[in-house]
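Below: the structure, in structure tokens.
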There are 2 protein chains.
Amino acid sequence: MKNVTINDVAHEANVSKSTVSHYLNGHFTKMGPDTRERIARAVRKLDYSPNHIAKSLKNKRTMTIGVIVANILHNFSTRVIRSIEDFAHGHGYHVIVCNTDNSSDKEADYIRMLMAKQVDGLVVIPTAKNEALFMELAEKGYPVVFVDRYIENVPIQSHMLDNRVSVMMAFDHLSERGHREIGFLTEPVEAIVARQERYDAYLELCGSYGIRPISIQVEKEGMVSSLDQSAAQGSLPESLIVANDLALFELLKMAKQRNILIPEELSIISIDDIEFADFFNPGITVIAQPAVEIGTAAVSALFEMMNGSKNASGIERFQPYLIERESVKQYEDQ
Amino acid sequence: MKNVTINDVAHEANVSKSTVSHYLNGHFTKMGPDTRERIARAVRKLDYSPNHIAKSLKNKRTMTIGVIVANILHNFSTRVIRSIEDFAHGHGYHVIVCNTDNSSDKEADYIRMLMAKQVDGLVVIPTAKNEALFMELAEKGYPVVFVDRYIENVPIQSHMLDNRVSVMMAFDHLSERGHREIGFLTEPVEAIVARQERYDAYLELCGSYGIRPISIQVEKEGMVSSLDQSAAQGSLPESLIVANDLALFELLKMAKQRNILIPEELSIISIDDIEFADFFNPGITVIAQPAVEIGTAAVSALFEMMNGSKNASGIERFQPYLIERESVKQYEDQ
DNA sequence: TCGTTTTAGTGAAACGGTTTACCAAACCGG
DNA sequence: CCGGTTTGGTAAACCGTTTCACTAAAACGA
């Protein structure tokens with residue numbers, strides 16, 4: 001179980017460990033062809049592989065970045081993570097993924113632990129409450145970027161969907177097809193900017209379309225039963241913009257429970273695409289976001305920072321697109 | 001951006017770094033109450049947190065385990081990962097997750113990099129081909145456990161579903177409801193034990209029930225179109241046992257494309273539960289596996305190894321259970 | 001009061017690498 | 001053949017911790 005070290009290789013090849021180190025780092029001018037060959041043989045013979053930890057300690061770079069997401073169950077998160085990993089691996093970096101379940105405490109813990117682990121940078125979908133902590137990171141010049149959300153007054157760059165436009169597209173789609181009773185289903189908006197932006201856009205659009213807002217804001221856990229009650233009372237609107245995939249799940253569960261016909265009795269348009277929306281019966285019309293693009297943009301901004309460019313701040317917006325399927329009813333008088 | 005080290009704390013508190021180290025590790029007998037207080041203050045004042053890398057180098061424990069899964073898109077994988085993370089975090093460990101996409105090369109790469117990173121142990125859903133590599137790990141006494149699969153002749157313990165029973169349950173369920181035309185849908189079995197076991201069980205059961213085997217073995221990428229062809233030719237059986245969730249997706253896509261009624265025209269029973277199976281129309285009857293239990297058992301076995309107990313080998317089996325929904329037709333003459 | 005133990009604390013080596021500064025020998029041009 | 005340059009290589013410091021061996025002073029027992 002004894003691990004073989006650079007010293008063992010040096011000894012085997014009859015050179016100093018400095019030379020082996022040079023060899024390992026490709027500084028071949030530092031040795032003759034014979035020595036080089038001897039070292040190569042020694043490495044092979046001993047099946048040596050360098051201790052990444054020791055390297056990191058000396059180099060002060062771990063070649064690792066941390067990714068902290070608020071809720072890994074969102075399809076969006078998994079796609080962002082995937083794109084970040086692809087990019088990072090392509091650049092010789094590794095990724096540690098952490099899931100906060102939207103808890104600020106967990107988030108703070110993870111940040112601390114990732115700092116302790118000396119990760120070289122962080123991409124995070126932040127919860128709302130660690131403003132001071134992020135502020136500190138930003139001030140230290142530590143490389144961090146946000147995705148999907150941002151924190152007011154914290155000078156950390158964010159990459160996110162144009163939420164306003166996404167709701168607008170949903171609203172327009174519904175409206176074009178004759179809908180005048182358009183509700184909005186979301187988990188409690190709280191301080192989560194992405195939700196806030198979507199909700200605000202909804203309210204604003206209701207205003208400009210002269211439509212009475214019907215918003216259903218309820219915790220995911222109670223969502224099914226709460227929706228069920230509304231349905232029982234007949235207070236469910238004829239069409240619903242759903243704020244995200246997880247809420248859509250709950251809505252669909254309720255619809256099944258109560259045998260509600262989609263789109264005949266209820267039209268649905270949901271934000272963020274998911275695979276099953278396509279083959280569900282009926283197919284769910286959706287406003288999709290370019291998750292891979294967003295993730296890639298975020299991580300490449302992060303890499304620029306890690307290579308010394310100044311911490312940018314500001315928000316970069318990405319445009320959503322409509323995927324029309326079958327969950328929206330067409331009113332005839334259109 | 002200069003990071004504060006134990007030396008800075010020592011200096012601030014006017015003690016040696018040894019004493020600070022003792023303080024940090026709770027060896028309070030090594031100092032008086034006043035010194036202790038001084039160090040505490042210094043730590044707070046400087047906002048010091050220990051460099052995990054340096055610690056790891058010295059201690060030869062990184063408090064990190066690696067998890068390598070063959071395909072993170074399986075719901076089973078995500079649930080296993082989740083349970084491993086929960087357990088690990090509960091014991092002060094961190095987890096690095098890697099996805100091999102079923103590529104043995106990627107797997108070998110990941111193993112090497114995780115070793116280089118000095119992770120303290122590994123839980124892996126292995127691809128079939130790195131027998132030699134795993135053999136080596138096992139011989140070195142390096143802590144490794146398998147999940148969901150195993151490799152013949154490699155003395156590494158595995159925790160997996162009783163695949164035979166799971167197919168048996170599916171088969172019985174179908175058979176009890178009068179089905180005599182029972183097919184089996186799977187990605188190519190190849191050398192992947194879990195698939196093999198399920199397929200073998202299917203074949204065996206066909207034998208003992210006197211049913212003609214109809215197996216559809218096709219790559220996920222071509223699955224929809226291949227199924228579509230079969231359907232066009234009318235060669236699709238009346239009921240299908242589906243080997244896993246990803247195959248189920250493809251089947252459902254095809255069913256939608258062709259407007260096949262489930263269960264009237266096609267009965268489905270799938271192995272491994274997924275959330276949407278519940279609210280899909282119709283609900284998909286499923287043989288579920290206790291993923292959390294499996295993951296937890298695996299990681300706790302790993303922890304035992306890491307604490308010095310010998311590498312166990314052998315296979316621990318977990319029992320599946322039926323979740324009956326609406327995707328299986330009941331023939332009337334039963 | 002003196003020897004012994006305990007308390008409170010320190011210095012230095014070690015973990016496994018990288019890097020800087022340095023050097024001897026070989027080479028080279030004139 | 002001499003002085004300078006290149007080639008090939010090394011020793012030692014360093015990264016930030018832990019820990020072992022050691023000790024001065026205080027406390028204690030007789």
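Naming convention: chains lettered A, B, ... in sequence-line order (proteins, then strands); numbering from 1 in each chain.
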Upstream residue (5' side of DNA chain C) when B:R36 and A:V20 are each assigned their closest nucleotide:
B:R36
Side chains of A:T127 and A:E107: do they bring a donor and an acceptor to under 3.5 Å?
yes
Out of D:dG9, D:dT19, D:dT10, whichever nucleotide has its closest atom nearest the side chain of B:H27:
D:dT19
Consider the side chain of A:T35, meaning its heavy atoms from C-beta on, and name the nucleotide among C:dT10, D:dG9, C:dT19 that approaches it most closely.
D:dG9
Separation of C:dT18 C1' from A:H22 NE2 (nearest whole Å)
8 Å
Nucleotide nearest A:K58 (side chain, heavy atoms from C-beta), chosen from D:dG9, D:dC14, D:dT18
D:dC14
In whole angstroms, the gap separating P of D:dG9 from CD of A:E37 amounts to 13 Å
Is the centre of the A:F87 ring less than 6.0 Å from the centre of the A:Y93 ring?
no
B:K55 near the nucleic acid: base, sugar-phosphate alone, or nothing, with a heavy-atom cut-off under 4.0 Å?
sugar-phosphate
Take the protein atom CG of B:L57 and the nucleotide atom P of D:dC15, then report the distance between them rounded to whole Å.
14 Å
Determine the contact category for A:S21: base if any of its heavy atoms lies under 4.0 Å from a base atom, sugar-phosphate if only primed atoms, P, OP1 or OP2 are that close, otherwise nothing.
base
Can a donor-acceptor pair be found between the side chains of B:N130 and B:S104 at a distance below 3.5 Å?
no
Rounded to whole Å, NE2 of B:H52 lies from C1' of D:dC15 at a distance of 17 Å
Scan B:T19 against the nucleic acid and name what it touches under 4.0 Å (heavy atoms): base, sugar-phosphate only, or nothing.
base
Which part of the nucleic acid does B:S56 contact within heavy-atom distance under 4.0 Å: base, sugar-phosphate only, or nothing?
nothing
Quick one: do B:D105 and B:R112 satisfy salt bridge (Lys or Arg N to Asp or Glu O under 4.0 Å)? Show the steps, please.
CA-CA 11 Å; B:D105 292 348; B:R112 277 187 238 290; over 6 Å; no
From CG of A:N7 over to C1' of C:dA14, roughly how many Å is that when rounded to an integer?
12 Å
Touch check for B:Y48, heavy atoms < 4.0 angstrom, all strands: base, sugar-phosphate only, or nothing?
sugar-phosphate
Using a cut-off of 4.0 Å on non-hydrogen atoms, how would the nucleic acid contact of B:K17 be classed: base, sugar-phosphate, or nothing?
base
Test: B:R36 cationic atom under 6.0 Å from B:Y23 six-membered ring centre, within 45° of axis
no
Let me know the distance between CD of B:Q118 and C1' of C:dG17, rounded to the nearest Å.
11 Å
Please state how far atom CD1 in B:I53 lies from atom C1' in C:dT18, giving the value in whole angstrom units.
15 Å
Within the 4.0 Å heavy-atom criterion, would you say B:Y23 contacts the bases, only the backbone, or no part of the nucleic acid?
nothing
